[in-house]
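One-based numbering along the sequence shown. Note that these values count all heavy atoms, side chains included, but never hydrogens, waters or copies made by symmetry.
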Amino acid sequence: MRQFTNLGRSLLWAPAAALTLGACSPKATSVATASTAATATSAAPATMAAAPAPKPAPAGPAFQVPVEYYTLPNGLKVVFSPDHTAPTATVAAYYGVGFRTEPRDRTGFAHLFEHLMFQGSQNLGKNEFIGLIQKNGGVLNGSTRFDFTNYFEVVPSNKLETILWAEADRMRGLAITQANLTNQQGVVKSEVRVNVLNQPYGGFPWIDMPMKANKNWNNAHNFYGDMSDLDAANLADTKSFFKTYYAPNNAVLAVVGDFEPAEARAWVQKYYAAIPSAPQPPKPDIAEPRQEQEQRFSKDDKLANKPALAFGYHMPERNTPEYYAMIMLDQILLQGNDSRLYQALVQKRGYASNVSGGINYLGNQFNYNGPMLWMGDLVFDPAVQADSVVRVLDQEINKLSSKGIDQATLDLALVKIRSAFYDQVSGSDNFGRADLLASFAMFDNDPARINRLEGEFRKVTPELMQKTIREYLRPTNRTIITVNPLAKS
């Protein structure tokens with residue numbers, strides 16, 4: 001994936017990066033949240049009986065992300081979210097094509113196209129888009145995910161119109177030439193060699209696990225791209241792909257930051273309204289069958305010097321009650337040094353120096369729209385057997401299943417979730433907010449859903465957690481991959 005600035009990676013409660021994806025780790029700003037309202041107390045006079053303790057003050061209005069949402073006649077979904085905290089503006093263009101929807105004989109095509117988008121457009125030459133952003137003091141990036149390809153720029157707010165024009169220029173007409181295609185085929189193949197083929201634990205587990213755990217080709221192929229498929233891409237394929245998937249009726253434009261919505265709406269109308277829409281092909285069937293038996297695989301790694309293990313469990317369907325419960329379980333089991341698996345595997349037994357993971361290794365818990373895995377991985381001591389690691393995993397899950405999860409544990413998980421969420425939506429570069437708004441507009445036609453997330457987590461009960469553990473954390477719903485290290489010491 002392209003990366004033009006080192007913004008780090010901590011998308012909303014996401015695991016450590018496997019790709020150099022465009023993302024951000026904003027520091028928290030001061031945000032007033034309703035549920036932390038103070039409770040007033042006063043001492044009773046010495047000569048009188050103590051008065052009954054006052055009732056807690058009612059919670060004030062919850063923090064709301066401003067959301068203005070509309071659709072142009074050509075189908076382009078537009079989301080505005082003003083934030084005058086800093087004099088910057090973030091523009092994010094999301095296209096509804098990702099790894100799951102690329103052609104069967106063109107693996108890696110969605111990712112290849114992400115690179116082509118920086119090769120020039122009608123009014124900007126090769127790499128001039130990058131220069132335009134950087135010369136104006138901005139940063140930019142692009143990434144390919146399971147269900148979309150995105151591009152974003154963070155610029156001084158007085159340059160917002162310029163960036164809206166530039167994004168519209170490449171949506172209107174990309175410079176698709178044989179020279180650009182050939183060049184970027186070579187770049188992507190080089191990236192595969194550097195990031196996967198010539199790295200210890202390359203592709204583990206972010207490519208390996210989806211390929212092994214899933215059965216549907218759309219979810220299970222090598223989305224980075226096979227070399228032969230990358231070579232086979234031709235100019236006609238490329239032009240057809242752009243015309244179909246990079247049309248405004250398959251896109252979302254999110255603008256977040258220091259701007260006036262009325263002015264931004266006029267610019268969007270000026271630069272985007274005349275871009276023609278295009279017929280969209282039927283969405284592929286990406287459903288996965290229910291897994292009924294545990295799967296185990298191993299791979300030899302000639303560059304690795306320690307064994308590694310990854311586990312993956314199929315997630316509940318997105319937006320169901322169990323989905324929110326599973327996000328809570330991720331917090332309890334895997335996120336942070338207080339998590340059950342970190343304490344059991346690292347602190348107590350010393351099997352590894354770290355254990356990481358989460359939901360959606362190529363993004364976060366919300367920016368996907370199909371089957372997904374809850375995954376974890378660790379590189380462990382050669383003296384430890386892989387079965388010992390799995391045994392600890394089972395023990396920690398079984399403790400939650402047999403003893404139950406009390407409300408105090410749920411409350412702690414919610415505190416962690418709220419902290420990360422408000423950190424994300426109030427970040428100085430605003431990409432985290434733009435990402436959620438664009439994703440919810442694309443997948444749910446409802447970017448205002450960003451303001452209802454906390455309420456969904458508050459509905460999760462201990463009983464729902466038990467139900468979710470029994471169905472989704474059963475051993476027959478998981479896949480385990482181990483790495484055999486073959487590097488010479």
Side-chain angles (χ1 to χ4, degrees), residues 13 15 205 209-210 212-216 219 286-297 309-336 338-345 348 355-361 364-366 368 370-378 386-417 453 455-481:
W13 324 317
M209 186 62 76
K212 297 298 186 182
N214 294 318
K215 301 303 180 185
N216 186 323
N219 308 313
I286 59 175
E288 285 290 329
R290 185 177 189 271
Q291 186 172 328
E292 303 288 356
Q293 186 175 356
E294 183 187 64
Q295 303 181 100
R296 294 205 181 196
F297 302 92
L309 180 143
F311 55 85
Y313 293 79
H314 292 280
M315 280 284 294
E317 183 179 348
R318 185 174 170 270
N319 297 345
T320 60
E322 292 82 2
Y323 162 81
Y324 291 101
M326 193 67 203
I327 295 174
M328 299 281 270
L329 284 166
D330 174 51
Q331 289 291 329
I332 295 167
L333 282 166
L334 202 51
Q335 299 306 319
D338 63 337
S339 66
R340 304 296 176 89
L341 290 176
Y342 183 90
Q343 287 295 314
L345 290 166
K348 182 178 180 180
V355 55
S356 61
I359 300 164
N360 186 10
Y361 267 39
N364 60 60
Q365 290 90 328
F366 301 115
Y368 70 89
M372 187 49 64
L373 298 166
W374 176 63
M375 293 162 52
D377 66 272
L378 67 158
D387 282 345
S388 298
V389 176
V390 177
R391 192 175 303 116
V392 173
L393 172 64
D394 284 335
Q395 287 172 355
E396 294 305 314
I397 292 174
N398 289 339
K399 286 178 187 177
L400 296 180
S401 180
S402 61
K403 296 181 180 180
I405 299 174
D406 59 22
Q407 190 60 48
T409 303
L410 282 182
D411 291 344
L412 178 59
L414 182 59
V415 167
K416 293 167 67 177
I417 285 173
L453 292 176
E456 296 297 332
F457 289 110
R458 291 191 180 278
K459 295 177 186 177
V460 176
T461 64
E463 293 75 20
L464 178 60
M465 296 288 275
Q466 292 302 100
K467 177 184 176 183
T468 304
I469 292 171
R470 287 193 298 269
E471 172 58 22
Y472 293 98
L473 293 185
R474 53 187 167 83
T476 52
N477 187 43
R478 78 178 171 211
T479 300
I480 291 174
I481 302 175

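Taking each heavy atom of Ser339 and Gln331 in turn, the nearest pair found is CB-O, 4.2 Å. Looking at every heavy atom in both residues, Glu471 comes nearest to Arg474 through O-NE, 2.7 Å. Of all the heavy atoms in Val390 and Arg296, the pair that sits closest is CG1-NH2, 3.6 Å. Residues Met209 and Gly312 share a closest heavy-atom pair of CE-N, 3.6 Å. In terms of heavy-atom proximity, Leu464 sits nearest to Pro321 at CD2-O, 3.5 Å. Between Leu410 and Thr461 the shortest heavy-atom distance is CD1-C, 3.8 Å.
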Exercise for the section: Could you check Asp394 against Arg478 for side-chain contact (heavy atoms from CB on, under 4.5 Å), going step by step and ending with a plain yes or no? Expected result: CA-CA 11 Å; Asp394 284 335; Arg478 78 178 171 211; 2.6 Å; yes
Handout entry: Residue pair Ile327, Phe366: steps toward the side-chain contact (heavy atoms from CB on, under 4.5 Å) verdict
Key = CA-CA 10 Å; Ile327 295 174; Phe366 301 115; 4.2 Å; yes
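Within the 4.5 Å cutoff, side-chain heavy atoms of Leu373 are placed close to those of His314. With contacts defined as side-chain heavy-atom distances shorter than 4.5 Å, the pair Gln291/Thr476 does not qualify. Counting heavy atoms from C-beta outward, Thr409 and Leu400 have side chains that stay 4.5 Å or more apart. Side-chain contact between Tyr324 and Asn319 is present, with heavy atoms from C-beta onward closer than 4.5 Å. Counting heavy atoms from C-beta on, the side chains of Pro210 and Tyr361 never come closer than 4.5 Å. Looking at heavy atoms from C-beta onward, Pro462 lies in side-chain contact with Gln407 at the 4.5 angstrom threshold. When side chains are defined from C-beta on, Leu473 counts as touching Leu333, because their heavy atoms get closer than 4.5 Å. At a threshold of 4.5 Å between non-hydrogen side-chain atoms, the residues Tyr313 and Tyr472 do not count as touching.
Partners of Gln343 under the side chain to side chain contact (heavy atoms under 4.5 Å, CB included) rule, at least two apart in sequence or in another chain, are Gln347. By the side chain to side chain donor-acceptor pair (under 3.5 Å) test, Thr479 is found to be paired with Gln295, residues two or more places apart in sequence or in another chain being considered.
Separating the CG atom in Leu393 from the CZ atom in Arg340 is a distance of 13.5 Å, to the nearest 0.5 Å. Taking CD1 of Ile469 as the start and CG of Leu329 as the end, the distance is 5.0 Å to the nearest 0.5 Å. The CG atom of Asp330 sits 11.0 Å away from atom CG of Asn360, with the distance rounded to the nearest 0.5 Å. Note: Met326 CE to Met465 CE = 9.0 Å, rounded to the nearest 0.5 Å. Atom CE of Met328 sits about 12.0 Å away from atom CD of Glu456, to the nearest 0.5 Å. For the atom pair Arg458 CZ and Leu414 CG, the distance stands at 4.5 Å (nearest 0.5 Å).
Note on ring orientation: taking the six-membered ring where Trp is involved, the planes of Tyr368 and Tyr323 are perpendicular (angle over 60°, cut-offs 30° and 60°).
Residue pairs satisfying the salt bridge (charged side-chain N to carboxylate O under 4.0 Å, His left out) criterion with at least one member in residues 397-415, sequence neighbours excluded, are listed as follows: Glu396-Lys399.
Here the side chain of Ser401 pairs no donor or acceptor atom with the backbone of Ile397 at under 3.5 angstrom. In this structure, the side chain of Asn214 engages the main chain of Asn219 through a donor-acceptor pair within 3.5 Å.
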